[in-house]
**Q** 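Here it is: the structure, laid out below.
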Amino acid sequence: MLIISSIILSVQNLCKTFSSHGDDFKAVDNISFDIHAGEIVSLLGPNGAGKTTTVSMVGGYLIPTSGQVIINGVNRYQDKFDSKVGIVLGGELGFYGRASAIDNLLFFSDLARVPRKNQRTEVARVLELVELTNVSNKKVQFFSRGMKQRLHIARALLGNPPLLLLDEPTTGLDVEISAEIHRIIKQLASQGVAILLTSHTMSEIESLADQVLLIGAGKIFSAGTVTELIKQSDIHHIDRPATLEESYLAIAPKLRRP
Ligand SMILES: Nc1ncnc2c1ncn2[C@@H]1O[C@H](COP(=O)(O)OP(=O)(O)OP(=O)(O)O)[C@@H](O)[C@H]1O
């Protein structure tokens with residue numbers, strides 16, 4: 001049976017040029033891709049390739065120089081845009097340390113435009129999804145980094161957005177906590193959430209990504225599944241298949257800015 005899922009995010013010919021002192025710098029140069037419901041797409045490329053700039057334009061933090069960001073059929077920068085997008089930038093900041101997880105999320109529920117009467121139920125739902133229900137009354141200042149990262153994901157899920165943007169979601173987290181975050185991300189995708197992920201961690205991309213976009217100097221260099229990208233790199237071993245890291249290292253010099 002052929003299953004066709006709907007396109008949640010369509011990025012079309014997206015460009016961002018930064019100008020300073022009369023010089024123009026093309027951080028993102030004509031990028032196009034789609035993400036369907038339930039799909040995890042990963043941006044992979046060297047530092048400065050344009051990944052965060054792309055995520056920021058999709059998330060509404062940065063206005064594109066040209067091109068389109070269409071979410072659930074609505075053009076983010078042209079139409080009256082009211083789709084929800086969950087964004088996880090992560091890190092130690094972003095919450096009121098002296099307030100509980102519940103109170104923090106109740107505050108963010110207002111920003112996510114969750115109706116007042118539904119807020120407590122919604123906060124309980126997202127805390128359950130990231131398995132923080134048992135510490136929901138604890139002050140956030142006593143949370144570990146992994147717990148804070150899960151709380152960032154919970155915040156992004158308020159209002160049930162169809163699209164989740166995850167910028168390096170496990171940077172600085174240990175293997176066990178990263179695996180737990182991966183499990184949550186997979187569960188969200190299985191529930192139909194479209195996910196755009198940036199990562200430098202090959203095992204994370206291998207474990208999560210349905211599609212990988214290799215990005216260098218602001219352009220998409222190639223795209224495909226992990227298996228397809230490994231095939232494209234044409235690395236062969238007698239006794240085992242090539243890894244994504246080996247394939248990436250073979251291509252990496254071509255991804256650098258001139
Ligand atoms: N506000 C800005 N003004 C000028 N240049 C910028 C600005 N923001 C980003 N850049 C430049 O645009 C390029 C792309 O940056 P971006 O942060 O998108 O890269 P990235 O792929 O996310 O890198 P990393 O892997 O290090 O996070 C970089 O060369 C960066 O220095």
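Both ligands and their constituent atoms are indexed starting at 1 by order of listing. Note that the numbering runs from 1 along the sequence shown for the chain. In what follows, every heavy atom counts, from backbone to side chain, and hydrogens, waters and symmetry copies are set aside.
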**Q** With side-chain contact (heavy atoms from CB on, under 4.5 Å) as the criterion, how do Thr225 and Gln211 come out once you've worked through the C-alpha distance, each side chain's angles and the decisive distance to 0.1 Å?
**A** CA-CA 5 Å; Thr225 62; Gln211 286 285 317; 4.0 Å; yes

**Q** Report the residues that fulfil side-chain hydrogen bond (donor to acceptor under 3.5 Å, both in side chains) with Glu128, sequence neighbours left out, ordered by chain and then residue number.
**A**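 Glu128 satisfies side-chain hydrogen bond (donor to acceptor under 3.5 Å, both in side chains) with Thr133 once adjacent residues are dropped.
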
**Q** Nearest protein heavy atom to atom 1 (N) of ligand 1, by residue and atom, and its distance?
**A** Phe18 CE2, 3.4 Å

**Q** Taking the side chain as every heavy atom from C-beta outward, state whether Glu228 and Lys231 have any atom pair closer than 4.5 Å.
**A**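 The answer is no, as the side chains (C-beta and beyond) never meet within the 4.5 Å cut-off.
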
**Q** State if Pro46 counts as touching ligand 1 under the rule of any non-hydrogen atom under 4.0 Å.
**A**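 Yes.
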
**Q** Taking Thr170 as the fixed residue, which of Gln149, Glu204, Glu180 is the one that meets the side-chain hydrogen bond (donor to acceptor under 3.5 Å, both in side chains) rule?
**A**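 One option only clears the test, and that one is Glu204.
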
**Q** Closest non-hydrogen protein atom to atom 11 (C) of ligand 1, residue and atom name please, with distance?
**A**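 For atom 11 (C) of ligand 1, the nearest protein heavy atom comes out as Phe25 CE2, 3.7 Å.
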
**Q** Between Asp167 (side chain) and Leu89 (backbone), is there a donor-acceptor pair under 3.5 Å?
**A**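 No, because the side chain of Asp167 does not come within donor-acceptor range (under 3.5 Å) of the backbone of Leu89.
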
**Q** Check each of Met57, Arg257, His200 against atom 25 (O) of ligand 1 and report the one with the nearest heavy atom.
**A**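 Residue with the shortest heavy-atom distance to the ligand atom: His200.
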
**Q** Counting only non-hydrogen atoms of the protein, does one fall under 4.0 Å from atom 30 (C) of ligand 1?
**A** no

**Q** Using non-hydrogen atoms of the residue, decide whether Gly50 is closer than 4.0 angstrom to ligand 1.
**A**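 Gly50 counts as a contact of ligand 1 under the 4.0 Å cut-off.
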
**Q** If you count the atoms of ligand 1 from 1 in the order shown, which ones are under 4.0 Å from a heavy atom of Glu168?
**A**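 Going through ligand 1 atom by atom, the ones under 4.0 Å from Glu168 are 27 (O).
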
**Q** Short question: side chain of Lys84, backbone of Leu157 - any donor-acceptor pair under 3.5 Å?
**A** no

**Q** Could you work out, for atom 26 (O) of ligand 1, the closest of Asp167, Asn47, Thr17, Leu43 by heavy-atom distance?
**A**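 Heavy atom nearest to atom 26 (O) of ligand 1 belongs to Asn47.
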
**Q** Does some side-chain heavy atom of Ile185 sit less than 4.5 Å from a side-chain heavy atom of Val193?
**A** no

**Q** Taking only non-hydrogen atoms of Lys16, do any sit less than 4.0 angstrom from ligand 1?
**A** no

**Q** In terms of atom number and element, which parts of ligand 1 are under 4.0 angstrom from non-hydrogen atoms of Thr52?
**A** 17 (O), 18 (O), 20 (P), 22 (O), 27 (O)

**Q** Do Leu43 and Leu196 have side chains that get closer than 4.5 Å, going by heavy atoms?
**A**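 Yes, their side chains come closer than 4.5 Å.
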
**Q** Which atoms of ligand 1 sit under 4.0 Å from any heavy atom of Ala49?
**A** 19 (O), 20 (P), 21 (O)

**Q** Show which atoms of ligand 1 fall inside a sub-4.0 Å distance from at least one heavy-atom site of Thr53.
**A**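 Per the distance check, 14 (C), 15 (O), 16 (P), 18 (O).
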
**Q** Does atom 23 (O) of ligand 1 have a protein heavy-atom neighbour under 4.0 Å away?
**A**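 So far as the 4.0 Å threshold goes, atom 23 (O) of ligand 1 is in reach of a protein heavy atom.
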
**Q** Would you please test Gln119 and Asp110 for side-chain contact (heavy atoms from CB on, under 4.5 Å) and show each step?
**A** CA-CA 8 Å; Gln119 287 183 356; Asp110 268 338; 2.9 Å; yes

**Q** Can you tell me which residue and heavy atom of the protein come closest to atom 14 (C) of ligand 1, and the distance to 0.1 Å?
**A**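 I find the closest protein heavy atom is Gly48 O, 3.3 Å.
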
